[in-house]
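Worksheet: one structure, shown below.
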Amino acid sequence: MTSTDPTAGSPGGSPANASVAAPDETVPPRARVFSGMKPTDGVLHLGNYLGALRGWVAHQDERDSVFCVVDLHALTIPEAVDPAELRSTTRAIAALYFACGLDPERNVVFVQSHLTEHAECTWILNCVTPLGWLHRMTQFKAQAEARESVGSGLLTYPVLQAADILLYDTEVVPVGEDQVQHIELTRDIAVRFNRLFGDTFVLPRAVVPKAAARVMGLDDPLAKMSKSIAAERAGHAIGLLDSPAVLKKAIMSAVTDSGRETRFEHASPGVRNLLTIYQVLADAKVEQVEERFAGEGYGTLKKAVLEVVVETLTPIQARDAELMRDPAELDAILARGAEQARAMAAPTLARVKAAVGVGA
Ligand code: AQP
């Protein structure tokens with residue numbers, strides 16, 4: 001374990017946030033990896049898949065990975081919580097992990113709230129996290145601005161996220177670009193804890209995919225594709241379980257412009273978003289994509305995107321339907337995952353409690 005103090009020379013407690021997210025392929029073999037997704041607002045979208053899940057699956061043989069459905073994070077806006085729906089969405093997200101190719105035999109996969117360690121560790125980390133660090137989180141600012149009343153959970157959930165990550169001695173957190181600031185905060189919290197109480201936590205870093213680290217909304221290419229917007233607006237996202245008809249409507253209506261520019265560098269945001277989706281799903285090089293669509297209208301690009309999206313999602317949807325037919329089996333897999341996760345998280349929490357002088 002190593003630590004550098006991000007608050008050194010900064011008595012106000014301002015984090016240095018010195019680490020910068022690296023592309024996903026820089027991860028050393030057998031690195032401990034942790035990541036998760038929140039079961040809010042229904043199923044996952046293509047941004048979740050390309051920004052995170054696809055990479056988790058692609059590297060599952062090279063890494064020592066722990067993946068979680070972070071259901072406690074879904075409580076930050078309590079007015080929006082339907083308890084029965086949260087429980088079933090949590091299971092549905094886990095099923096989608098497996099349907100996308102994540103193997104529970106090769107990875108630890110579990111539901112966050114099945115362990116008490118995450119919430120317990122969060123309290124201790126809350127006590128070492130300066131309030132100013134949390135107020136600076138751009139996701140908090142954006143979400144707080146959009147609501148009249150803001151619960152303290154919305155402010156402090158990045159600390160819960162820090163506990164999620166640190167409990168597993170995580171070295172690398174594969175995420176989309178929107179989560180990088182939170183991983184940097186996690187690192188800063190770990191450094192501060194290590195400075196106050198002695199070397200306890202491994203310092204994690206974020207890695208993001210080289211392309212499609214930020215997939216944008218089809219209807220608004222200046223906003224990132226997001227579950228919560230998708231729940232309010234048809235045509236915003238490409239849902240992983242959307243039917244071909246729904247996909248066709250959303251993709252063919254994607255916002256572009258009145259020109260014919262299909263070079264990545266010169267394209268407008270909506271066109272660049274479509275080009276990127278195509279490039280990643282077709283596993284093509286930038287030059288190949290530009291050559292294919294040179295001189296073509298956007299209708300051709302949209303049809304090609306639709307084709308490659310349907311081709312990618314059809315087998316995922318078939319596996320998902322099969323998995324969802326046997327909820328008892330899914331629950332059994334997740335119960336085994338929780339046992340494995342507990343065996344990893346409990347010793348870390350014991351180390352944390354010993355460091356601060358609490359616990360039996
Ligand atoms: N648009 C995106 N492009 C690339 N990656 C994305 N991720 C999310 N949106 C995009 C990545 O998906 C993972 C899961 O994120 P999450 O479920 O914890 O919540 P989020 O980042 O807040 O995702 P959403 O879809 O926008 O959810 P809501 O609307 O509920 O807040 C993360 O790795 C994230 O980077």
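This structure is a prediction, so every number in the text was calculated from the model and none was measured. Order of appearance sets the numbers: ligands from 1, and atoms from 1 within every ligand.
Counting the atoms of ligand 1 from 1 in the order shown, those under 4.0 Å from a heavy atom of S226 are 25 (O), 26 (O), 29 (O). Interface of A213 with ligand 1, defined as ligand atoms under 4.0 Å from a residue heavy atom, comprises 3 (N), 4 (C), 5 (N).
Two rings, from F293 and Y278, have their centers less than 6.0 Å apart.
When non-hydrogen atoms are compared, ligand 1 lies under 4.0 Å from neither the backbone nor the side chain of S35. Counting heavy atoms closer than 4.0 Å to ligand 1, residue A52 contributes side-chain atoms (C-beta onward) but none from N, CA, C or O.
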In sequence, state the C-alpha distance, the side-chain angles, and the governing distance for V150 and Q143, and then conclude on side chain to side chain contact (heavy atoms under 4.5 Å, CB included). CA-CA 9 Å; V150 175; Q143 295 202 32; over 6 Å; no
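Distances between N or O atoms of V70 and those of ligand 1 include no value under 3.5 Å.
In this structure, the protein non-hydrogen atom closest to atom 3 (N) of ligand 1 is V215 N, 2.8 Å. For atom 30 (O) of ligand 1, the nearest non-hydrogen atom of the protein is T40 OG1, 2.9 Å.
Of the options F67, Y97, F98, a side chain to side chain contact (heavy atoms under 4.5 Å, CB included) to P104 is made by F98 and by none of the others.
When the options K38, K224, M225, K227 are ranked by their closest heavy atom to atom 26 (O) of ligand 1, first place goes to K224. Heavy-atom proximity to atom 34 (C) of ligand 1, evaluated over V180, I183, V175, D178, is greatest for D178.
Close to ligand 1: H45, with a non-hydrogen atom less than 4.0 angstrom away.
Checked by atom type, the side-chain pair Q181/T138 shows a donor-acceptor distance below 3.5 Å. Under 3.5 Å, the side chains of Q179 and Q161 contain a donor-acceptor pair of N or O atoms.
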